[in-house]
4 protein chains.
Amino acid sequence: MAGPKKLTRAEQKALRPIQILDAAFEEFVKSGFAGTRVEDIADRVNVTKGTVYVYFETKEKLFEAMINHFSVPFQELLAVTDALSGSATDRLTSILGLLYEQIAEDRPTRELTRLVIAEGHRFPDLIDRHHDQFIEPIIAKVDALILEGVASGEFREIPVEFSDIVVAPILTTTVLRLIFDNRRVAIPNKEEFLRAYFDLLLNGLLAKPL
Amino acid sequence: MAGPKKLTRAEQKALRPIQILDAAFEEFVKSGFAGTRVEDIADRVNVTKGTVYVYFETKEKLFEAMINHFSVPFQELLAVTDALSGSATDRLTSILGLLYEQIAEDRPTRELTRLVIAEGHRFPDLIDRHHDQFIEPIIAKVDALILEGVASGEFREIPVEFSDIVVAPILTTTVLRLIFDNRRVAIPNKEEFLRAYFDLLLNGLLAKPL
Amino acid sequence: MAGPKKLTRAEQKALRPIQILDAAFEEFVKSGFAGTRVEDIADRVNVTKGTVYVYFETKEKLFEAMINHFSVPFQELLAVTDALSGSATDRLTSILGLLYEQIAEDRPTRELTRLVIAEGHRFPDLIDRHHDQFIEPIIAKVDALILEGVASGEFREIPVEFSDIVVAPILTTTVLRLIFDNRRVAIPNKEEFLRAYFDLLLNGLLAKPL
Amino acid sequence: MAGPKKLTRAEQKALRPIQILDAAFEEFVKSGFAGTRVEDIADRVNVTKGTVYVYFETKEKLFEAMINHFSVPFQELLAVTDALSGSATDRLTSILGLLYEQIAEDRPTRELTRLVIAEGHRFPDLIDRHHDQFIEPIIAKVDALILEGVASGEFREIPVEFSDIVVAPILTTTVLRLIFDNRRVAIPNKEEFLRAYFDLLLNGLLAKPL
DNA sequence: CATGAATGAGAGTTCATTCAT
DNA sequence: AATGAATGAACTCTCATTCAT
């Protein structure tokens with residue numbers, strides 16, 4: 001019956017930290033860690049600086065909490081990829097498609113990438129966690145699939161230690177959007193991009209493969 | 001008898017701005033624009049803050065001058081690529097090889113990439129220049145080569161609006177090195193990386209291309 | 001039993017800006033705009049620099065707010081002069097007496113005069129406001145009274161565009177006090193000064209007027 | 001034979017300090033003592049900061065030297081007034097006329113007045129000298145003349161300790177020009193101003209003197 | 001919980017002054 | 001005599017953080 005209009009005190013209270021994390025995301029993305037003022041984050045939620053400090057001890061802790069908060073969807077994606085079936089080609093392109101959606105097209109994940117690149121020096125733990133939770137599992141998954149495809153004769157034998165190359169178009173398009181968002185580089189159409197990507201990945205550029 | 005010890009006034013003066021730009025590079029790379037203190041830059045050159053302001057009006061102007069200073073080598077590369085000859089394949093792989101050396105392996109260019117990603121919001125002009133001077137010419141060159149190869153029957157017909165995909169491994173490996181430098185991701189061996197890259201690019205992943 | 005010791009938060013807060021304005025007055029009077037340090041103003045109120053900036057955005061804004069704050073009493077005087085009655089002579093001398101008290105004898109107004117002279121170049125708006133709010137109304141009032149006195153035959157006809165001359169002794173004694181305060185020029189006794197001033201103004205210097 | 005075009009080295013050298021003092025005058029008038037940069041003074045003479053310090057030890061010494069330099073014409077005026085003859089009225093109005101020209105109409109003397117008012121706190125010696133060299137002699141002269149006129153029956157007996165009142169219109173018009181120069185207060189025509197001033201001074205305001 | 005006044009440790013920037021050339 | 005690179009102290013202003021209310 002009720003709409004989402006009035007929140008009880010308790011609900012309001014439970015919401016606060018989330019609101020602050022959302023606001024922190026926007027401000028840190030806009031200005032980076034050092035360039036962001038705690039007060040700007042507070043203003044976005046219509047509270048005062050003091051309130052932010054009720055929920056987060058320091059600006060650094062807030063930054064880290066925000067990163068963790070926005071990493072959740074990506075975590076969930078990794079679980080999904082385990083459930084795939086079909087040929088190695090099918091599963092590989094499915095995974096790459098999902099990654100494209102999650103990394104290149106999802107604004108929070110994309111901007112998280114920016115922050116990881118920009119603030120890595122200041123937050124080494126963040127980098128380690130990012131590696132262990134995102135990069136490593138993805139690479140492992142892609143590696144495994146390639147080896148499977150090679151074993152089954154579906155793929156040619158390629159040196160698996162360079163499987164970044166396979167995922168590269170996704171990170172590249174993400175980074176280009178981060179740099180030029182809305183400016184000079186057109187945002188690609190997803191279907192067309194993936195078609196071109198998979199065609200080149202699977203068949204190569206040459207008219208007559210060597 | 002001579003050593004590099006004493007410089008004349010004039011030599012010292014000619015050197016100072018370069019020294020400052022070099023120091024600025026290191027500090028801005030380490031801490032980002034907002035996180036860098038002008039005094040730390042000065043300390044690196046063993047001068048006082050005031051001296052930095054003798055040569056550069058503001059921290060922002062210093063940042064921009066530093067970016068321009070370190071963009072020169074990349075500019076020169078673009079000229080080189082015009083002089084290539086051979087088959088489309090040869091020229092394409094030559095260009096990609098040169099780009100790999102200049103972007104992924106050259107520390108200044110690599111770190112410039114970090115700064116472009118990290119500080120883009122604060123320096124929109126920087127982004128525009130970066131696009132016009134680097135991204136656009138590279139993409140144009142690759143596009144032209146592909147079309148040539150297609151015309152000569154050397155390449156399959158691929159949608160040229162996605163030619164970022166062709167260059168993607170270079171930017172991706174650059175970004176991964178930026179993020180994980182020396183930490184968890186091994187720095188690839190250049191020859192092996194390029195061999196794997198070009199093999200996949202030219203021949204594709206499938207054992208039996210469609 | 002209460003003393004002026006403890007103020008509530010709210011009282012303290014209401015007081016702060018006034019305290020700062022008072023302190024700013026003293027420091028700006030002592031050292032001029034450029035010569036005054038915000039920290040000295042803060043020290044006078046036993047707060048830190050930062051606190052001054054809680055209430056006033058910049059040193060310039062603080063200066064202007066201070067000028068406005070100390071202009072209030074003078075503003076009120078102008079209202080009083082409207083309520084006078086009696087002969088033109090009575091009313092003219094009454095006004096001049098009030099002006100003497102307010103400009104020459106009231107330290108804040110006197111020092112405001114110094115700042116208007118000293119900082120006029122830097123604060124052109126201040127000068128305009130000063131003119132429109134102080135100089136113009138006074139001159140208008142004196143002009144009107146003289147014309148009235150002339151019309152009624154009480155005064156000789158004098159060129160009203162030079163009515164500054166009538167008020168001149170007030171500004172002159174003010175400026176001399178500003179320059180030599182306590183040093184070489186004795187502070188005049190009010191009654192004697194005004195008697196001499198009005199005697200000369202009304203009757204002139206000549207034993208046998210022309 | 002030569003025009004004023006080329007100067008010998010020696011002439012050039014002798015000129016430098018004068019040029020610097022002239023430039024210092026303009027800058028100190030524009031920005032006050034604290035607000036003036038030594039470099040701005042140097043720029044006006046097309047030399048560098050260092051050159052200013054060749055001739056003047058510190059900014060303060062330069063300020064004082066500038067004040068002294070521009071006080072010379074006024075000094076000379078005082079000598080002239082000793083040579084006057086005629087009735088007390090004639091001599092009084094002659095002196096006041098000369099003072100008007102020298103104080104109100106001569107820009108350097110007028111601006112010196114501004115600096116004396118504005119920077120008095122910082123340069124107490126300047127104030128003392130100003131008093132002893134300018135104020136005191138003028139007042140003494142006027143006092144003497146009045147007493148003479150009273151003795152001869154030409155003037156009414158007025159209290160000589162307030163003879164500032166007699167000179168007041170000159171300082172007042174000077175100060176008003178300083179404050180509002182070119183802005184809202186019209187610059188008075190000299191002849192008309194003096195006629196009104198002397199008429200009022202000599203004959204008073206009343207139609208029928210008491 | 002929430003506030004926001006107050007702090008204080010800097011940060012960027014300026015500028016009078018020095019001194020080797 | 002003149003320069004101008006360099007200094008360093010001081011200045012304005014900022015902002016993460018605290019805490020009494």
Side-chain angles (χ1 to χ4, degrees), chain A residues 9-10 12-13 16-17 34-42 45-62, chain B residues 6 8-10 12-17 34-42 45-62, chain C residues 8-10 12-17 34-42 45-62, chain D residues 9-10 12-14 16-17 34-42 45-62:
Chain A
R9 278 262 179 109
Q12 183 60 272
K13 192 196 298 189
R16 264 292 123 84
T36 291
R37 293 150 21 101
V38 172
E39 189 156 24
D40 290 339
I41 295 172
V45 194
N46 290 317
V47 296
T48 58
K49 280 186 291 187
T51 305
V52 174
Y53 282 90
V54 169
Y55 294 95
F56 302 94
E57 277 178 69
T58 64
K59 192 181 164 187
E60 297 213 354
K61 294 251 175 76
L62 170 56
Chain B
K6 290 261 170 166
T8 67
R9 261 275 177 115
Q12 187 57 278
K13 181 191 154 73
L15 219 53
R16 263 296 118 83
T36 292
R37 293 151 17 101
V38 172
E39 189 155 26
D40 289 339
I41 295 172
V45 193
N46 289 318
V47 295
T48 60
K49 279 190 288 186
T51 302
V52 173
Y53 283 92
V54 168
Y55 294 93
F56 302 94
E57 280 178 65
T58 63
K59 192 182 165 187
E60 296 216 355
K61 294 246 175 81
L62 170 56
Chain C
T8 67
R9 262 272 178 118
Q12 189 55 279
K13 180 191 154 74
L15 220 52
R16 262 299 118 82
T36 292
R37 294 152 16 101
V38 172
E39 188 155 25
D40 289 340
I41 295 172
V45 194
N46 289 318
V47 295
T48 60
K49 281 188 288 186
T51 303
V52 174
Y53 283 93
V54 169
Y55 294 93
F56 302 95
E57 281 177 65
T58 64
K59 192 182 164 185
E60 295 214 356
K61 293 247 174 79
L62 171 56
Chain D
R9 278 263 179 108
Q12 182 61 272
K13 193 194 300 189
R16 263 293 123 82
T36 291
R37 292 150 21 101
V38 172
E39 187 155 26
D40 290 339
I41 295 172
V45 194
N46 289 319
V47 295
T48 58
K49 279 186 292 184
T51 305
V52 174
Y53 282 90
V54 169
Y55 294 94
F56 302 94
E57 278 178 69
T58 64
K59 191 180 163 188
E60 296 214 355
K61 293 250 175 77
L62 170 56

Could you give the [atom1]-to-[atom2] distance, from [X] to [N], as a whole number of Å?
X	N	atom1	atom2	value
A/E60	F/dC15	CD	P	17 Å
D/E39	E/dT18	CD	P	16 Å
D/K61	E/dA16	NZ	P	16 Å
D/E57	E/dT18	CD	P	9 Å
C/D40	F/dA10	CG	P	12 Å
C/K59	E/dT13	NZ	P	18 Å
D/Y53	F/dA5	OH	C1'	15 Å

Chi angles and distances behind the side chain to side chain contact (heavy atoms under 4.5 Å, CB included) call for D/V45, D/R16: CA-CA 8 Å; D/V45 194; D/R16 263 293 123 82; 4.2 Å; yes

Salt bridge (Lys or Arg N to Asp or Glu O under 4.0 Å) involving C/E57 - partner list, sequence neighbours excluded: C/K61

Residue list, salt bridge (Lys or Arg N to Asp or Glu O under 4.0 Å) with D/E39, at least two apart or on another chain: D/R37

side-chain N/O D/T51 vs F/dA2 OP1/OP2, d < 4.0 Å: no

F/dT17 base / A/K49 side chain donor-acceptor hit below 3.5 Å: yes

Nearest listed nucleotide, side chain of [X], among [options]:
X	options	result
D/R37	E/dG8, F/dT17, E/dC15	E/dC15
B/V54	F/dA6, F/dA2, F/dT17	F/dA6
A/T48	F/dG4, E/dT7, E/dG4	E/dG4
D/V38	F/dT7, E/dG12, E/dA16	E/dA16

Nearest heavy atoms of B/G35 and A/A34, plus distance in Å: N-CB, 3.7 Å

Over all atoms of both residues, closest heavy-atom pair of C/P17 and C/A14: CD-O, 3.7 Å

Along DNA chain F (nearest heavy atom to each residue), the more 5'-positioned of B/Y55 and C/T58: B/Y55

Within-4.5 Å side-chain heavy-atom neighbours: B/V38 and B/L62: no

Residue met sooner reading DNA chain E from 5', once C/N46 and B/T36 are mapped to nucleotides: C/N46

DNA chain E stem ranges, 3 or more consecutive Watson-Crick or G-U pairs under 3.5 angstrom: E:2-21 with F:2-21

Atom pair CG (A/N46) and OG1 (A/T51), whose distance is rounded to the nearest 0.5 Å: 11.0 Å

